[in-house]
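First comes the structure, then the notes that go with it.
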There are 2 protein chains.
Amino acid sequence: MAAVDLTTHPGHLARRLQQAHYLLWNTMVSEEVTSPQFAVMNALVAQPGLDQRTVGERVGLDRSTVAEVITRLGRRELLHKVRDPQDGRRFLLRLTDEGLRTHRRLTVRTARMNQVFLAPLSAEERTVFFDLIRRVAAAAEDLRDPADQAVTRG
Amino acid sequence: MAAVDLTTHPGHLARRLQQAHYLLWNTMVSEEVTSPQFAVMNALVAQPGLDQRTVGERVGLDRSTVAEVITRLGRRELLHKVRDPQDGRRFLLRLTDEGLRTHRRLTVRTARMNQVFLAPLSAEERTVFFDLIRRVAAAAEDLRDPADQAVTRG
DNA sequence: TCGAAATACTCAGTGCCCTGACTAATGGCG
DNA sequence: CGCCATTAGTCAGGGCACTGAGTATTTCGA
């Protein structure tokens, strides 16, 4: 009787949205490379030679998850890691040639998938959609480390 | 060079949103009961005696995941399952008294958490937020089983 | 009525995601 | 110089999420 309407719960909606995206990714982009894997590859295309921690920071993955994703990408020869000679704790990450080719190929498909995913929204609605989600996510992330709010924003 | 801006990728945003929610849930609602577990419990408060498949349909979980969630809830004595005497394939699910109490307690906290989570948005923006996410998620789910579009909507 | 298709659920396997505890390397300070 | 706090990464453990294959039960049609 005291049941709640989950369609007014942002967390529930976020989960459904992510699941829907997962499925579409699998059918339209790749069954091999996942969306988080692509995000990591993308970070390394933007800036080759990053270490794991920084990659995780850029794409929003904690150190454990980044380590797993990188292990899998390494197993498929899409990326390789070498010990930083300047700092023996770090590993420097770089895509292989095959990794670069894969990233290029998936970039095209990802763009197509986003079109399909966002098809129900008009151009203005898409802008609003991005803006609202970004604001909610950013605020929640700040609740986590209030430390660097000043740095991150102005 | 050919790197992409992930903040314009709905899938990436959806993941970040969900992660942000996960963290907030853990600190503000419960470290024991997760958000999907609460969703299952909520479905059983709304309608006691549902079978696993139907619960999964209501909250958006596939059969395997529902089975796992239910196993965990059962282990904690929050729910029990009995074989349907009418149809030996089904299990009928019901919350225990403790399950009902837990649901009631978490409902209150969940409402508080949602307030915090949505704090960055005005009342009108929240309405839009829900509407846009629901439309995108629903459309993507329909791409999956075009079969029952007519039934679901119609 | 009996056998095939459909249905509810289970199980194995893969991958994402977090926490907390641990190891190894660095870097600063007394 | 030597110790210690910090930092990068690993590992174990729990939970969510999907697929594909397999089991048991029901249902429907020849």
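Computed from a predicted model, the values in this text were never measured in an experiment. Proteins come first, then strands; the chains are lettered A, B, ... in the order of their sequence lines, and each starts at number 1.
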(message) Counting only heavy atoms and a strict 4.0 angstrom limit, can you tell me which residues of residues 104-117 of chain A come near DNA chain C?
(response)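 The stretch gives none, as no residue of it lies under 4.0 Å from the strand.
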(message) If the condition is salt bridge (Lys or Arg N to Asp or Glu O under 4.0 Å), which residues does B:R16 pass it with, not counting sequence neighbours?
(response)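 By the salt bridge (Lys or Arg N to Asp or Glu O under 4.0 Å) rule, B:R16 matches A:E141.
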Could you tell me whether [X] contacts a base, only the sugar-phosphate backbone, or nothing, with contacts defined as non-hydrogen atoms closer than 4.0 Å?
X	answer
B:V66	nothing
A:Q37	sugar-phosphate
B:T34	sugar-phosphate

[X]: what forms a side chain to side chain contact (heavy atoms under 4.5 Å, CB included) with it, not counting sequence neighbours?
X	value
A:L17	A:F117, A:F129, A:I133, B:A14, B:I133, B:V136, B:A137
B:T96	B:H80, B:E98
A:R104	A:R101

(message) Quick check for you: to the nearest 0.5 Å, what is the distance between A:R105 atom CZ and A:S30 atom OG?
(response)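 Result: 7.5 Å between the selected atoms.
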(request) Show which residues join A:Y22 in its hydrophobic cluster (side-chain heavy-atom contacts under 4.5 Å, direct or indirect), or state none. (result)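 Members besides A:Y22, by chain and number: A:L23.
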(request) Please list all pairs passing the salt bridge (charged side-chain N to carboxylate O under 4.0 Å, His left out) test where one or both residues lie in residues 35-60 of chain B, with sequence neighbours left out. (result)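 Found B:D51-B:R53, B:D51-B:R90, B:R53-B:E57.
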(message) Checking A:T34 now: which residues fulfil side chain to side chain donor-acceptor pair (under 3.5 Å) with it, not counting sequence neighbours?
(response)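 With neighbours one apart ignored, the set is empty.
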(request) With sequence neighbours excluded, tell me which residues meet side chain to side chain donor-acceptor pair (under 3.5 Å) with A:E125. (result)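 In terms of side chain to side chain donor-acceptor pair (under 3.5 Å), with neighbours along the sequence ignored, A:E125 is linked to A:S122, B:R135.
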(request) Can you sort out which residues in residues 7-26 of chain A have a heavy atom within less than 4.0 Å of DNA chain D? Ascending by number, please. (result)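 Residues of residues 7-26 of chain A under 4.0 Å from DNA chain D: A:R15, A:Q19, A:Y22, A:L23.
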(request) Pull out every residue in residues 56-64 of chain B that has a heavy atom closer than 4.0 Å to any atom of DNA chain D, ordered by number, or say none. (result)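 Those residues whose heavy atoms fall under 4.0 Å from DNA chain D, taken from residues 56-64 of chain B in numerical order, are B:L61, B:D62, B:R63, B:S64.
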(message) Reading DNA chain D from 5' onward, which residue's closest nucleotide shows up sooner: A:R90 or A:E31?
(response)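 By nearest-heavy-atom nucleotide position, the 5'-most residue is A:R90.
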Please list, for nucleotides 26-28 of chain D, all pairs of protein and nucleotide N/O atoms separated by less than 3.5 Å.
unit_1, atom_1, unit_2, atom_2, d
D:dT26, OP1, B:G88, N, 2.7

(request) Using distance alone, with no hydrogens and no angle criterion, decide if A:T8 and A:D5 have a side-chain donor and acceptor under 3.5 Å apart. (result)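 No, no side-chain donor-acceptor contact under 3.5 Å.
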(message) Counting only side-chain heavy atoms from C-beta out, which of D:dA8, C:dC16, C:dC9 sits nearest to A:R72?
(response)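 Given the options D:dA8, C:dC16, C:dC9, the side chain of A:R72 is closest to C:dC16.
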(message) Let me spell it out: for each of B:K81 and A:R75, pick the nucleotide of DNA chain C with the closest heavy atom. Which residue's pick is nearer the 5' end?
(response)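 The 5'-side residue here is B:K81.
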